[in-house]
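Inspection log for the structure reproduced underneath, given as structure tokens.
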Amino acid sequence: MSLPISRSLKADTSGLTRRGLLAAGAGTVFVSAFPFPAGAAPEDMKAAIRKAFGKGELRDGRVSINTPPIAENGYSVPITVRVESPMSEGDHVREIGLFSPRNPVAHIAHYYLGPRAGRAEIATRIRMAGTQDVMAVAKMNDGTLWSAARETVVTLAACVVL
Amino acid sequence: MASIRLSVPDTAAKGEVIEIKALIRHPMESGFRRDSRGETIPRDIITRFECEYDGQTVFAADFHPSVSANPFLTFYTTATVSGTLTFRWTDQTGRTWSESAEIRVT
Amino acid sequence: MRRLGALALLALSACGPDMAKGETGFETPQSGSAFLKPDTRALQSDDFANPGFLWVDRGEALFARASEGGPACASCHDGGEHTLEGVAARYPAIDDQTGELFNLERRINACRSRHQGEPPLEHESEALLSLTAYVAHLSRGVAIDVETGGAARPYYEAGREYFFTRRGQFNLSCHHCHDRNWGQSLRGDTISQGHPNGFPAYRLEWESFGSLHRRLRDCDTGVRAAPYPAGSDTYVALELYLAARANGLAMESPGVRR
């Protein structure tokens, strides 16, 4: 079958200018590869953790994070956080905080649990302004803080509206 | 209108740890996006979620702009008595949406 | 400007002479979901967490609600003789009364004016999106089977011509990406075959639910061409060509796409 355009398949991109692209991309909302621009720095994340949990020492362990190693884009990345705990009256998780070293607001979300939860685990979906190590911090009823970090690579979309 | 989806088991054994899922329709506009005229689109987010069971708040959460649109949450609670679980979302202006589910504990 | 570079490369690679698989570039159609990362596919197949169901639920409620001027959709389409199961897989189709090509959105609006005494809903409005989501969902798993002969033929030809016509500052046609380069990587994306079977769909990039026409507008804007309005004759004709190209592929709406 003959194709109307198969004879001359040469792309002429010489006429492309940034201004032309801006005009072509005029829609109601600019869509970019990321849900929002990178804003925070790792220091901002540390400050946000201090603000949420105080000055206590952050220990490694008891917390595990699961995210996809590579996310399709940064708009909706699934994340599961588990904390090892019997969730008894005497030994349970009180709070879990999620933090980003790169998003414009470092504190992503905060969860309040108690012994009635039975299981110290939450799952949600979050935005990521690019590849980063998201951090989870858990506060136990004895006041100790435990943490973990996990890297997710956020890929760049090709066909974005600009 | 139906803009909340809840997954709560109809029945559970007393003491059983049950999985709860909650999904609500909301743009979670972060306040960091701009429209085609370069103007910032104002922030419009849900900031608080609470689950009440048997008259007690058994789980709560604070949301910030990095929570995805149409917030989705999975968490756990222990089945104690037959009754109602009430789920409530509150946005930055204090507007609330709520939905409830019945559970029978045997 | 790196993004431009990626698309320019694609344009050049589209010069290859590989036309062995005929004009569509594939033997059997593969759904867009086959080109997603596993987590996105998992979200689509989770009937609770798939956010598209927020629109299906709303559509189901609207479908059952009586209109002011007449009966509810559900009073005719009650699951009996006039069931809508499988119907969406045959759209776009020729409307018997007017001889014009209707997609689902046009059919729903025609029903409103003919049987319910209601004004048409705007394309991409919440109500029309929700109703379309519900009706499309009733055909989930059903193979697309659109008619392209008879009165549908001129629409099919117009849609096909649109598909093969270069447009925009990138000077690319749909054919270049979706027939000749599907499966290839373009930055972080894998180019799909461009099938409509997941639509209306929840797109992560939109952080919302939208019609096929909204997706087509993004495609046109992506190659820096002026998009047509959602619901336009041009896109309805293109929708028929896309559906015919995907004949045999199972409907997935509410799909989840990146």
Side-chain angles (χ1 to χ4, degrees), chain A residues 22-23 25-32 34-40 48 52 73-82 87-88 93 95-100 102-129 132 134 161-162, chain B residues 7 12-24 26-43 45-81 85:
Chain A
L22 285 170
T28 49
V29 176
F30 284 115
V31 175
S32 81
F34 300 121
F36 34 51
N73 60 33
Y75 288 93
S76 182
V77 183
I79 182 166
T80 302
V81 179
R82 282 183 204 95
M87 295 306 275
S88 61
V93 178
E95 296 172 36
I96 298 172
L98 280 183
F99 299 90
S100 159
R102 201 166 171 186
N103 290 2
V105 175
H107 203 170
I108 298 171
H110 209 84
Y111 307 96
Y112 304 88
L113 301 75
R116 279 189 66 171
R119 185 166 163 185
E121 179 177 327
I122 60 98
T124 187
R125 304 186 75 91
I126 63 171
R127 293 168 172 153
M128 287 191 190
Q132 56 185 286
V134 165
V161 181
L162 198 69
Chain B
S7 166
K14 192 174 169 64
E16 187 183 340
V17 175
I18 55 170
E19 183 187 66
I20 293 171
K21 296 183 189 178
L23 176 65
I24 185 168
H26 195 282
M28 291 297 283
E29 189 60 57
S30 67
F32 295 103
R33 299 200 307 164
R34 289 173 185 277
D35 64 19
S36 56
R37 291 188 303 276
E39 284 164 26
T40 302
I41 305 168
R43 181 172 298 177
I45 65 169
I46 287 171
T47 51
R48 180 80 175 170
F49 168 80
E50 282 161 337
C51 172
E52 212 173 85
Y53 176 20
D54 184 26
Q56 255 197 327
T57 301
V58 292
F59 183 87
D62 296 329
F63 294 168
H64 300 290
S66 297
V67 171
S68 297
N70 307 305
F72 171 76
L73 199 51
T74 303
F75 60 95
Y76 297 84
T77 196
T78 307
T80 50
V81 291
L85 284 92

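It should be emphasised that the depicted structure is a prediction, and the values quoted were computed from it without experimental measurement. Below, read A as the first sequence line, B as the second, and so on, with proteins coming before strands; counting in each chain starts at 1.
- Without hydrogens or angle criteria, B/Arg43 side chain to B/Ser30 main chain gives a donor-acceptor distance under 3.5 Å.
- Heavy atoms of A/Ser100 lying under 4.5 Å from chain B are absent altogether.
- Using a distance-only test at 3.5 Å, with no hydrogens or angles considered, a donor-acceptor pair links the side chain of A/Asn103 to the main chain of A/Arg127.
- For the residue pair A/Val93 and A/Ala120, the shortest heavy atom distance occurs at CG2-CB, 3.7 Å.
- Shown here for A/Ala106 and A/Ala48, the closest heavy-atom pair between the two residues is CB-CB, 3.9 Å.
- Counting only heavy atoms from C-beta outward, the side chains of A/Met87 and A/Pro115 never approach each other to under 4.5 Å.
- When only modelled atom types and interatomic distance are considered, B/Tyr76 and B/Glu19 share a side-chain donor-acceptor pair under 3.5 Å.
- Within residues 64-71 of chain B, the residues having any heavy atom closer than 4.5 Å to a heavy atom of chain A are B/His64, B/Pro65, B/Ser66, B/Val67, B/Ser68, B/Ala69, listed by residue number.
- Interface remark: of the candidates B/Phe75, B/Phe72, B/Phe63, B/Phe72 forms the most heavy-atom pairs closer than 4.5 Å to chain A.
- Contact count against chain A (heavy-atom pairs under 4.5 Å) is highest for B/Asp62 among B/Ile20, B/Val17, B/Val58, B/Asp62.
- The shortest heavy-atom contact between B/Pro42 and B/Glu29 is O-CG, 3.4 Å.
- In this structure, no portion of B/Phe49 lies under 4.5 Å from any heavy atom of chain A.
- Note: B/Ala61 leads B/Ala61, B/Gly15, B/Gly31 in heavy-atom pairs under 4.5 Å with chain A.
- A donor atom on one side chain and an acceptor atom on the other are found under 3.5 Å apart for A/Arg116 and B/Thr80.
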